[in-house]
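Notes to accompany the following structure.
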Protein chains: 2
Amino acid sequence: MSTAEETAGGETSAWGEVTPDAARRLLIAAVEAFAERGYHATTTRDIAGRAGMSPAALYIHYKTKEELLHRISRIGHEKALEILQTAARREGTATERLADAVSSFVRWHAGGRTTAKVVQYELDSLGPDARAEILGLRRQVNAEVRGIIEDGVASGEFDVLDVQGTTLAVLSLCIDVARWFNVNGPRTPDEVGVLYADLVLRMVGGAK
Amino acid sequence: MSTAEETAGGETSAWGEVTPDAARRLLIAAVEAFAERGYHATTTRDIAGRAGMSPAALYIHYKTKEELLHRISRIGHEKALEILQTAARREGTATERLADAVSSFVRWHAGGRTTAKVVQYELDSLGPDARAEILGLRRQVNAEVRGIIEDGVASGEFDVLDVQGTTLAVLSLCIDVARWFNVNGPRTPDEVGVLYADLVLRMVGGAK
DNA sequence: GGGCACGCTAAGCGCCCGCTCAGCTTCAGC
DNA sequence: GCTGAAGCTGAGCGGGCGCTTAGCGTGCCC
């Protein structure tokens with residue numbers, strides 16, 4: 001069912017930085033539980049149980065349940081930002097860089113749906129301080145995409161009236177993949193990435 | 001603040017069918033609370049308090065807290081479906097009907113963001129039976145949009161490779177407006193509707 | 001004006017939540 | 001073989017949750 005296998009699919013590697021081992025197992029258990037039921041519907045007993053531990057063990061590695069969500073959210077946002085930065089800063093035309101950014105960003109949201117769902121949809125469950133920190137990362141994410149679109153407009157590759165509105169729409173489209181993507185559905189993450197890159201290029205009036 | 005004013009903005013009229021008055025006030029209070037905090041983080045005491053009643057009053061009009069969410073979700077999905085059906089079945093080309101569908105659908109999600117957020121993002125908080133009923137309505141929503149796109153492909157107006165994939169993307173784009181739209185932001189619901197209609201027509205390779 | 005149905009409240013039941021703490025086990029250092 | 005630190009558990013705390021119940025006030029029928 002939804003064992004480590006599924007979460008592992010895209011990015012257990014991403015949790016490699018979390019040590020010690022017990023803390024990582026708890027974090028992965030929390031990602032799965034939050035993704036399945038939502039942050040508020042998940043109990044600390046459930047998280048500990050999935051990690052094969054007693055409820056008290058959680059509090060040796062994390063101060064509160066919210067700290068778990070905060071850590072997940074920050075690591076996830078950093079990964080998402082890194083993906084966009086890699087695509088934005090490579091060599092190539094704006095068209096190539098936008099297609100690359102969208103397809104890899106979408107691939108991450110589809111393949112790592114479990115993580116992405118928590119990262120993108122549980123922002124409001126964080127307290128004000130943690131939320132503010134994450135919003136800073138989200139502004140950087142927005143800036144990367146807007147930058148590529150501005151480059152394309154400047155070079156004449158794209159035809160866009162409302163750059164910020166289009167940026168918002170492109171990001172929204174990609175992020176929402178985490179909500180509807182079905183691992184057992186007809187499309188692979190790669191296929192969705194390719195489809196979405198095409199759709200986004202059409203949105204900016206590029207390639208044809 | 002977030003008084004009845006905000007919710008009223010788009011569609012208090014939509015709750016007109018809910019009687020008696022006390023039941024409607026409780027339902028509107030629940031919509032606001034669920035939108036602000038999420039279903040699981042909202043207490044029945046909070047809902048009753050917002051409606052100016054004691055916690056016990058809620059149970060005279062609704063059997064459980066979940067019944068409130070179920071009623072909100074069904075009425076909201078019926079309204080969303082009605083909006084798309086109206087656009088899909090009017091006179092006009094596929095291009096005109098798709099633009100109309102997207103702009104009015106988006107206008108509803110932006111203007112009635114409070115309701116739309118609950119309707120679109122709290123589906124998983126419903127029990128299996130209620131969830132299954134709502135999923136039926138969502139399939140009808142999908143079918144309306146796919147119908148317009150198929151018409152446009154048949155008439156040669158649109159150039160779409162993956163009809164179902166594009167349908168999913170169009171709906172996803174429109175629905176996600178409820179997540180990011182800010183009432184105090186720079187754009188009115190009308191403006192977002194117009195922008196999105198343009199973006200979607202580009203996605204299907206239509207109008208220029 | 002007596003009886004009663006209806007809408008509501010005050011009080012509180014039983015449960016399970018996030019979180020704590022005393023104490024057990026394991027193992028490295030000597 | 002003893003000691004201390006680290007990692008974990010069993011038991012349980014205070015509190016807030018969804019929901020219930022006994023009873024009060026009000027207005028309608030006769």
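Computed from a predicted structure; not experimentally measured. The chains referred to below are lettered A, B, ... by the order of the sequence lines, with proteins before strands, and numbering in each begins at 1.
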Residues forming a side-chain hydrogen bond (donor to acceptor under 3.5 Å, both in side chains) with B:Arg74, sequence neighbours excluded: none

Tell me: CD1 of B:Ile47 to P of D:dC17, nearest whole Å? 11 Å

Please collect all side chain to side chain donor-acceptor pair (under 3.5 Å) contacts where either partner lies in residues 51-66 of chain B, sequence neighbours excluded, each pair once. none

Where chain A begins and ends its contact with DNA chain C, read 5' to 3' at 4.0 Å from heavy atoms: C:dC17 to C:dC21

Which of residues 124-133 of chain B have a heavy atom under 4.0 Å from DNA chain D? none

Report all side-chain donor-acceptor pairs from residues 166-186 of chain A shorter than 3.5 Å, counting only partners two or more places apart or in another chain.
unit_1	atom_1	unit_2	atom_2	d
A:Thr166	OG1	A:Asp162	O	2.8
A:Thr167	OG1	A:Val163	O	2.8
A:Ser172	OG	B:Asp176	OD2	2.7
A:Asp176	OD1	A:Tyr121	OH	2.6
A:Asp176	OD1	A:Arg179	NE	2.8
A:Asp176	OD2	A:Arg179	NE	3.3
A:Asp176	OD2	A:Arg179	NH2	2.6
A:Asp176	OD2	B:Ser172	OG	2.7
A:Asn182	OD1	A:Asn184	N	2.9

Go through the structure and list residues passing side-chain hydrogen bond (donor to acceptor under 3.5 Å, both in side chains) with A:Gln164, not counting sequence neighbours. A:Arg146

Any donor and acceptor pair, going by atom type alone, linking the side chain of B:Ser103 with main-chain N or O of B:Val194 inside 3.5 Å? no

In residues 59-75 of chain A, which residues come under 4.0 Å of DNA chain C by heavy atom? A:Tyr59, A:Thr64, A:Lys65

Nearest-0.5 Å distance that lies between atom CZ in B:Arg50 and atom CG in B:Leu26: 12.5 Å

Check the angle between the aromatic planes of B:Phe105 and B:Trp108 and answer parallel, tilted or perpendicular using the 30° and 60° thresholds. parallel

Under the side chain to side chain contact (heavy atoms under 4.5 Å, CB included) test against B:Pro189, which residue among B:His109, B:Arg113, B:Arg107 passes? B:Arg107

Measure from CZ on A:Arg25 to C1' on D:dC8 and round the result to the nearest Å. 11 Å

Note down the inter-axis angle between the two ends of the helix from C:dG1-D:dC30 to C:dC30-D:dG1, five pairs each, to the nearest 10°. 10°

Excluding sequence neighbours, so at least two apart, what forms ring-ring contact (aromatic ring centres under 6.0 Å, His included) with A:Tyr196? none

So, B:Arg138 and B:Gln120: side-chain donor and acceptor under 3.5 Å apart, yes or no? yes

Kindly give the atom pairs (protein nitrogen or oxygen, nucleotide nitrogen or oxygen) under 3.5 Å for nucleotides 22-28 of chain D.
none

Side-chain (A:Arg97) to main-chain (A:Ala88) donor-acceptor, under 3.5 angstrom: yes

Going by the ring pair (Phe, Tyr, Trp, His ring centres under 6.0 Å) test, which pairs reach into residues 28-57 of chain A, not counting sequence neighbours? A:Phe34-A:Tyr39

So, taking the atom named CG in A:Leu135 and the one named CG in A:Asn142, what distance separates them when rounded to the nearest 0.5 Å? 11.5 Å

Please tell me which of A:Ala56 and A:Thr43 maps to the more 5' nucleotide of DNA chain C, matching each residue to the nucleotide holding its nearest heavy atom. A:Thr43

Please tell me if A:Ser54 has a side-chain N or O lying less than 4.0 Å from either OP1 or OP2 of D:dC8. no

Once hydrogens and angles are ignored, does a donor-acceptor distance under 3.5 Å link the base of D:dG18 to the side chain of B:Arg45? yes

Measure from the side-chain N and O atoms of B:Ser73 to the backbone N and O of B:Leu69, and report whether any donor-acceptor pair falls under 3.5 Å. no

Among residues at least two apart in sequence or on other chains, which ones pass side-chain hydrogen bond (donor to acceptor under 3.5 Å, both in side chains) with A:Glu191? none

